[in-house]
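Labels below follow one simple rule: chain letters A, B, ... track the order of the sequence lines, proteins then strands, and each chain is numbered from 1.
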Protein chains: 2
Amino acid sequence: MPTKRQETTAHVHSPAIEDYLEQIHNLIEAKGYARVVDIAKNLRISQASVTNMIQRLDAEGYVIYERYRGVIMTDAGRKIGQEIARRHEVLTRLLASFGLDPQTVHEDVEGMEHHISRQTLEVLTLLMEELEGNPELLMKLKRQLG
Amino acid sequence: MPTKRQETTAHVHSPAIEDYLEQIHNLIEAKGYARVVDIAKNLRISQASVTNMIQRLDAEGYVIYERYRGVIMTDAGRKIGQEIARRHEVLTRLLASFGLDPQTVHEDVEGMEHHISRQTLEVLTLLMEELEGNPELLMKLKRQLG
DNA sequence: GCGGAAGTTTAGCCTGAGCTAACTATTTTG
DNA sequence: CAAAATAGTTAGCTCAGGCTAAACTTCCGC
């Protein structure tokens, strides 16, 4: 893997970090708080790994963490969490509109969501909106999918 | 042995492996052979890392490797290399048709190409073809991009 | 208000995939 | 055809991000 060389300037974050922040963001949206055990369950990794990463997220300024007490997000963390959630939603709606099986959609979205620039997100949003507002076109394309 | 169906190109290989096989495939297409030094240059990693990985690719049956003599691809390796190259091409054409800057296209494609299922590839191919055959629609969408 | 269940943290380990430095092999060229 | 340049390899590191086992905290029912 051509690992992105660490930019000295604006700090770049890994897919893993994005996954955690997206998850924490979603949990806080949904239940008002984010527990280690739930993050671990949703990401399907061990609780120990979550604790570990949360400490890193705190050190890097994405969350504020107090031992045994849970996390809250900083503005920086929330921003990233929201961005990823947005990419997730657009991709999911776009693919789902073609009737792909939900499991496949989920897997592809999980994989792709970390790699989409602002510009590409705009393109995909546009495509999604066009298809949602133009059922004729969508039907035509779906017919071609066989 | 009970029958274990494994039809859907199971993700048994890493993104890194796909990157190498895509690159080796492209080089062989273009020049008839793939040298360590060129693979390293294209993936922007060290030659030592390439040698290392090539040995793994041989061990896992994707290429045949002879010390100091270069690599050739097995059928398994070629299949993956072609698949990734195909995903690469579809994504590139789709995004480029909206006039996104080539550097951005390239980065996004590099990131996304490893995560696209057969079904999603079909959807994206369809969208690409529709836009290429329907300049009206493409123009309309591009106008909306601002 | 205490004891066990549930949740969290620590310690120590592993693997993938990069790196550099030093060496070896091959190719090119004066 | 030998020596310099180029290409390839090996050894030994690093780092991210997983893991398990065991220890520690918190919470809840009795």
Non-neighbouring partners of B/Asp38 that pass side chain to side chain donor-acceptor pair (under 3.5 Å), sequence neighbours left out: B/Lys31, B/Arg35
For residues 65-74 of chain A, which residue pairs qualify under salt bridge (Lys or Arg N to Asp or Glu O under 4.0 Å), counting only residues two or more places apart or in two chains? none
So, OP1 or OP2 of C/dT8: does either fall under 4.0 Å of a side-chain N or O from A/Gln55? no
Please determine whether any donor N or O and acceptor N or O are separated by less than 3.5 Å between the side chain of A/Gln47 and the base of C/dG7. no
Taken to the nearest whole Å, CG/B/Asp19 to C1'/C/dG16 is 14 Å
Pull out every protein N or O sitting under 3.5 Å from an N or O of nucleotides 13-16 of chain D, one pair per line with the distance.
none

Which comes earlier along DNA chain D counting from the 5' end, the contact point of A/Pro15 or that of B/Asn52, where each point is its nearest nucleotide? B/Asn52
For B/Gln103, side chain to side chain donor-acceptor pair (under 3.5 Å) partners two or more places apart: B/Glu107
With respect to the phosphate group of C/dT8, does any side-chain polar atom (N or O) of A/Thr51 fall under 4.0 Å of OP1 or OP2? no
In numerical order, the residues of residues 65-74 of chain B whose heavy atoms come under 4.0 Å of DNA chain C are B/Tyr68, B/Arg69
Under 4.0 Å from any atom of DNA chain C, heavy atoms only: list the residues of residues 29-44 of chain A that qualify, in numerical order. A/Arg35, A/Val36, A/Val37
Listed by chain and number, what are the side chain to side chain contact (heavy atoms under 4.5 Å, CB included) partners of B/Ala76, not counting sequence neighbours? B/Tyr62, B/Thr74
Test A/Tyr20 against every option in A/Val71, A/Val63, A/Ile45 by the side chain to side chain contact (heavy atoms under 4.5 Å, CB included) rule and name the one that passes. A/Ile45
Give the rounded distance in Å between these two atoms: CD1 of B/Ile17 and P of C/dT15. 16 Å
Would you please name every residue forming a side chain to side chain donor-acceptor pair (under 3.5 Å) with B/Tyr68, sequence neighbours left out? none
Can you give each donor-acceptor pair under 3.5 Å made by side-chain atoms of residues 128-135 of chain B, sequence neighbours left out, with the distance rounded to 0.1 Å?
| unit_1 | atom_1 | unit_2 | atom_2 | d |
| --- | --- | --- | --- | --- |
| B/Glu130 | OE1 | A/Lys140 | NZ | 3.1 |
| B/Glu130 | OE2 | A/Lys140 | NZ | 3.1 |
| B/Glu130 | OE2 | B/Asn134 | ND2 | 3.1 |
| B/Glu132 | OE1 | B/Arg93 | NH2 | 2.7 |
| B/Glu132 | OE2 | B/Arg93 | NE | 3.0 |
| B/Glu132 | OE2 | B/Arg93 | NH2 | 3.4 |
| B/Asn134 | OD1 | B/Leu137 | N | 3.1 |

Presence of salt bridge, B/Arg86 and B/Glu83, under 4.0 angstrom: no
Applying side chain to side chain donor-acceptor pair (under 3.5 Å), name anything that partners A/His25, two or more places apart in sequence or on another chain. none
Which donor-acceptor pairs under 3.5 Å do side chains of residues 120-127 of chain B form with protein atoms, sequence neighbours excluded?
| unit_1 | atom_1 | unit_2 | atom_2 | d |
| --- | --- | --- | --- | --- |
| B/Thr120 | OG1 | A/Asp108 | OD2 | 2.5 |
| B/Thr120 | OG1 | B/Ser117 | OG | 3.3 |
| B/Glu122 | OE2 | B/Arg118 | NH2 | 2.4 |
| B/Thr125 | OG1 | B/Leu121 | O | 2.6 |

Grouping ILVMFWY residues whenever side-chain heavy atoms fall under 4.5 Å, the cluster of A/Met139 otherwise contains none
